[in-house]
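The shown structure was predicted, so the numbers you read here are calculated from the model rather than taken from an experiment. All residue numbers refer to positions in the sequence shown, counting from 1. Computation of the quantities below employed the complete heavy-atom set of this structure, encompassing side-chain atoms and omitting hydrogens, waters and symmetry-equivalent molecules.
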Amino acid sequence: MKKLIKVVGAIIENENNEILCALRSPIMSLPNMWEFAGGKIEGSETLKEAIEREIKEELACDVEFTDIFNDNTHEYDKFIVNLITVKCRITSGTPTASEHSKLIWLLRENLLSLNWAPADINAVNQLTLEKV
């Protein structure tokens with residue numbers, strides 16, 4: 001039986017209605033694919049606690065959880081990921097890539113131009129349909 005991994009990803013939007021996209025580094029699993037920054041939900045953490053901790057660790061800035069956006073489960077070859085994407089807003093600092101190769105801000109209509117990790121595609125598609 002494949003292991004189920006519960007993950008939370010941040011949909012962070014700036015004042016220009018652009019969304020933060022993170023490129024997975026060559027040493028990560030799913031190298032060179034785009035994703036919403038975030039990570040595993042630890043123990044009894046809430047989504048709010050998990051995303052605020054993960055973004056501080058990964059992007060060296062502070063965010064505030066605002067709302068659940070999408071809940072998607074994707075089966076990979078060796079494991080299953082339950083990715084819950086949540087809307088967040090930056091409360092302090094500027095996102096900085098430490099674990100990721102690159103961070104970019106993109107408008108919704110340009111999101112599909114990137115090579116997204118399969119678990120993230122459901123949320124990307126939903127974002128492209130969202131009215132701003």
Handout entry: Pair Asn32, Asn115: side-chain N/O donor-acceptor within cut-off below 3.5 Å
Key = no
Handout entry: Nearest non-hydrogen partners of Ser101 and Pro26, listed with the distance
Key = OG-CD, 3.4 Å
Exercise for the section: Check whether any side-chain heavy atom of Val124 lies under 4.5 Å from a side-chain heavy atom of Leu127, and answer yes or no. Expected result: no
Handout entry: Main-chain N/O of Leu111 paired to Trp116 side chain as donor or acceptor, under 3.5 Å
Key = yes
Exercise for the section: Spell out, as yes or no, whether a donor-acceptor pair under 3.5 Å connects the side chain of Ser92 to the backbone of Ile90. Expected result: no
Practice task
Using a 4.5 Å cut-off on heavy atoms from C-beta on, say whether the side chain of Ser98 contacts that of Leu59.
Solution key: no
Exercise for the section: State plainly whether the residues Glu13 and Arg108 are in salt-bridge range, i.e. N to O under 4.0 Å. Expected result: yes
Exercise for the section: Determine whether Phe79 and Met33 fall in the same hydrophobic cluster, where Ile, Leu, Val, Met, Phe, Trp and Tyr are linked whenever their side-chain heavy atoms lie under 4.5 Å apart. Expected result: yes
Handout entry: Asn122 side chain near Leu83 side chain, heavy-atom distance below 4.5 Å
Key = no
Fill in the blank from the handout: For Phe69 and Ala123, the nearest pair of non-hydrogen atoms, with its separation, is CE2-O, 3.6 Å
Practice task
Could you grab the distance from atom CG of Asn72 to atom CD1 of Ile121, nearest 0.5 Å is fine?
Solution key: 9.5 Å
Handout entry: Non-hydrogen atoms of Leu47 and Val86 that approach each other most closely
Key = CD1-CG1, 4.4 Å
Practice task
State the CH2-CG distance between Trp34 and Leu23, to the nearest 0.5 angstrom.
Solution key: 4.5 Å
Handout entry: Residue pair Lys2 / Asp77, side-chain heavy-atom distance below 4.5 Å
Key = no
Exercise for the section: Could you label the plane-to-plane angle of the His74 and Tyr76 rings as parallel, tilted or perpendicular, counting under 30° as parallel and over 60° as perpendicular? Expected result: perpendicular
Exercise for the section: Scan Leu20, Ile19, Val8 and name whichever one has a side-chain contact (heavy atoms from CB on, under 4.5 Å) with Phe36. Expected result: Ile19
Handout entry: Side-chain heavy-atom pair Glu58, His100 within 4.5 angstrom cut-off
Key = yes
Exercise for the section: State whether Lys56 and Glu52 are salt-bridged, where the test is any N-O pair (Lys NZ or Arg NE/NH1/NH2 against Asp/Glu carboxylate O) under 4.0 Å. Expected result: no
Handout entry: Asn16 backbone acceptor or donor facing Asn14 side chain under 3.5 Å
Key = yes
Handout entry: Thr66 to Cys88 - nearest heavy-atom pair and separation
Key = OG1-N, 3.9 Å
Completion exercise
Separation between CG (Asn82) and CD (Glu75), nearest 0.5 Å, reads 13.0 Å
Handout entry: Side-chain H-bond candidate by donor/acceptor type, Thr91 with Asp62, under 3.5 Å
Key = no
Completion exercise
Heavy-atom closest pair (Leu106 atom, Ser113 atom, distance to 0.1 Å) is CD1-OG, 4.3 Å
Exercise for the section: Kindly indicate whether the side chain of Pro31, heavy atoms from C-beta on, has any atom under 4.5 Å from the side chain of Ser25. Expected result: no
Exercise for the section: Determine the minimum heavy-atom distance between Ala50 and Ile41, stating which atoms define it. Expected result: CB-CG1, 4.0 Å
Practice task
Report yes if the side chains of Ile80 and Ile5 come closer than 4.5 Å at any heavy-atom pair, otherwise no.
Solution key: no
Handout entry: In one Ile/Leu/Val/Met/Phe/Trp/Tyr side-chain cluster, 4.5 Å: Leu112, Leu114
Key = yes
Exercise for the section: To the nearest 0.5 Å, tell me how far Ile68 CD1 sits from Ile11 CD1. Expected result: 11.5 Å
Problem - Salt-bridge contact Arg89-Glu15 (side-chain N to carboxylate O under 4.0 Å) - result: no
Exercise for the section: Supply the atom-to-atom distance Glu42 CD to Glu49 CD, rounded to the nearest 0.5 angstrom. Expected result: 11.5 Å
Handout entry: Contact check, side chains of Leu103 and Cys21, non-hydrogen atoms, under 4.5 Å
Key = no
Problem - Inter-residue atom distance Glu99.CD - Ile27.CD1, 0.5 Å rounding - result: 8.5 Å
